[in-house]
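So the structure is just underneath, and the comments pick up after that.
For ligands, and for the atoms within them, numbers begin at 1 and follow the listed sequence. Counting from 1, the numbers follow the sequence of the chain as shown.
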Amino acid sequence: MENLTMDKIVNYAKNYGFVFQGSDIYGGLANSWDYGPLGTLLKENIRNAWKKRFVEENRYNYGLDSAIIMNPNVWVASGHVASFADPLIDCLKCKSRYRADKLIEDFTNGEITADGWSNEEIEKYIKDNHLTCPTCKSSEFTPIRKFNLLFETKIGVVDDSKNIVYLRGETAQGIFVNFKNIERAMRAKIPFGVCQTGKAFRNEITPGNFIFRTREFEQMEMEFFCKPGTDLEWFKYWKDYCVNFLHDLGLDDDKLRMRDHAKEELAFYSKATTDIEFLFPMGWGELWGIADRTDYDLGVHEKHSGQDLKYLDPDTHEKYLPYVIEPSVGIDRLLLAILCNSYSNEILEDNTEREVLRIKYALAPYKVNILPLIKKNHSEKAEELFTLLSKHFSTSYDESGSIGKRYRRADAIGTPFCVTIDDETMNNGTVTVRNRDTMAQDVVKIEDLVNYINDKIQF
Ligand code: GAP
């Protein structure tokens, strides 16, 4: 859709019950968001599609659900306590606070990312290119300080520094520390992957752009353990796998692009990293990061835990630390991409306007909407149908307003099928099924209805 703005999507999401401002009745909490009834359904459908594709349909992979609060040594070993930090810079004049690398990214419209740059390199770029404060246009900034993103909390009843624990900054570490458990319990042979979805927490300096960057978000991550030397092949395999998944979710090809990290941008432990970016209303942004993390994570956990995390190949008797390919995506960001990609405001042949969410059927919050044509004549039968269909797929029921208005409401939230119950239903047991995209109507026998819909909504 032309000219889709972030404001438009935020209002749409709020009005239709996808996403609300967090703690709204208390004036909100900046950058915290609550998922409403439709947002919850959509999020679950995205999560389920990912689990189906990455865990159930992939013979190499297993699932996991690890704890959010882990032994703090996990985060010491992983390097997060020492260096999971963003470069913080303040404007000396108006005191606005920024992520210094983001200033450069915004200044160059995303052409330059300062990932992997030292503080000195960032400061030099800002000075040499005369970057100014986006708020007051001053060019006077403080030196850069590192700001750690881990959220600290305390465990237990005694209030001292020994009780400090962290809310996990990524779900990945829960997978690394369970590598041996899974290998043993599942008799897993390399290569294999472990997948999990769950909340992650980061004290972001500049959250924003709605649910694009928040302090509390959900990740879907996989760590794929493979033999060193085979890692670049697997890196390519998983990149293709992720892009295919995004296509199958309905994201348009011209709104997706791959960005390979340049050598100087790579994290010191990474051999290769590619971001899949999406064209959001505010510009291109990272949607999915895919990285070859080498044996870095297992190596540091082996060192800090004192446990042998090497893999013994039962066929060749070689012993080695596996390399890891990690595709990591945030559900919230993916949900935003899907909303932006699917929302449109169409002018119909009769010059009326319709708001429609052309979302993949499998992702639609409701698959079918039940509409009794005349409440007093058809609602009893309609309720019977609701009971029948809701056992198979998420179903809504709408008996207020004209049939045209009810169709429009269903279109706006992306419901693929509207089932109208009328006198024909009472006399011959048939219903009219209207399709969201074509607006064409089919007459279907009640006994065929479940199969008719089921066939069309599979992922
Ligand atoms: N384990 C690797 C890792 O966490 P990342 O690039 O920091 O890598 C992976 O995060 C993905 O998680 C991102 O591509 C994005 O989709 C999502 N993500 C990261 N930070 C986020 C935030 N503050 N808010 C929403 N989503 C976020």
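Looking at N61, N58, D248, N244 one by one, the single match for side-chain hydrogen bond (donor to acceptor under 3.5 Å, both in side chains) with R53 turns out to be D248.
Taking atom 10 (O) of ligand 1 as the reference point, the nearest protein heavy-atom neighbour is Q219 NE2, 3.5 Å. With respect to atom 18 (N) of ligand 1, the closest heavy atom belonging to the protein is F217 CE1, 3.6 Å. Summary of contacts: the protein heavy atom closest to atom 6 (O) of ligand 1 is E286 OE2, 3.3 Å. Of all protein heavy atoms, the one lying nearest to atom 24 (N) of ligand 1 is T214 N, 3.0 Å. What sits closest to atom 9 (C) of ligand 1 on the protein, heavy atoms only, is S328 OG, 3.0 Å. From the protein, the heavy atom lying nearest to atom 7 (O) of ligand 1 is R202 NH1, 2.7 Å. Here the protein heavy atom with the shortest distance to atom 15 (C) of ligand 1 is R333 NH1, 3.5 Å. The nearest protein atom to atom 2 (C) of ligand 1, hydrogens excluded, is given as E326 OE1, 3.1 Å; this is a heavy-atom distance.
The proximity of E170 to ligand 1, defined as any non-hydrogen pair under 4.0 Å, is limited to the side chain. Contacts with ligand 1 closer than 4.0 Å are made by no heavy atom of R215, backbone or side chain.
Residue G289 has at least one heavy-atom neighbour below 4.0 Å for each of these atoms of ligand 1: 14 (O). Distances below 4.0 Å separate heavy atoms of E221 from the following atoms of ligand 1: 1 (N), 2 (C), 3 (C), 4 (O).
Using modelled atom types and a 3.5 Å distance limit, the side chains of Q173 and H301 yield a donor-acceptor pair.
With hydrogens and angles disregarded, no donor-acceptor distance shorter than 3.5 Å links the side chain of R358 to the backbone of S344.
Contact between C195 and W50 at its shortest, heavy atoms only, is CB-CH2, 3.4 Å. Taking each heavy atom of P191 and Y60 in turn, the nearest pair found is O-CD2, 3.6 Å. Of all non-hydrogen atoms in I359 and G414, the two that sit nearest each other are CG2-O, 3.9 Å.
Side-chain contact between L339 and L357 is present, with at least one heavy-atom pair separated by less than 4.5 Å. Residues Y343 and Y12 form a side-chain contact, since some pair of their non-hydrogen atoms from C-beta on lies under 4.5 Å apart.
Checking only distances, L287 does come within under 3.5 Å of ligand 1, N or O to N or O.
Within a 6.0 Å radius of CG in D254, more than 12 heavy atoms belonging to other residues, nucleotides or ligands are found.
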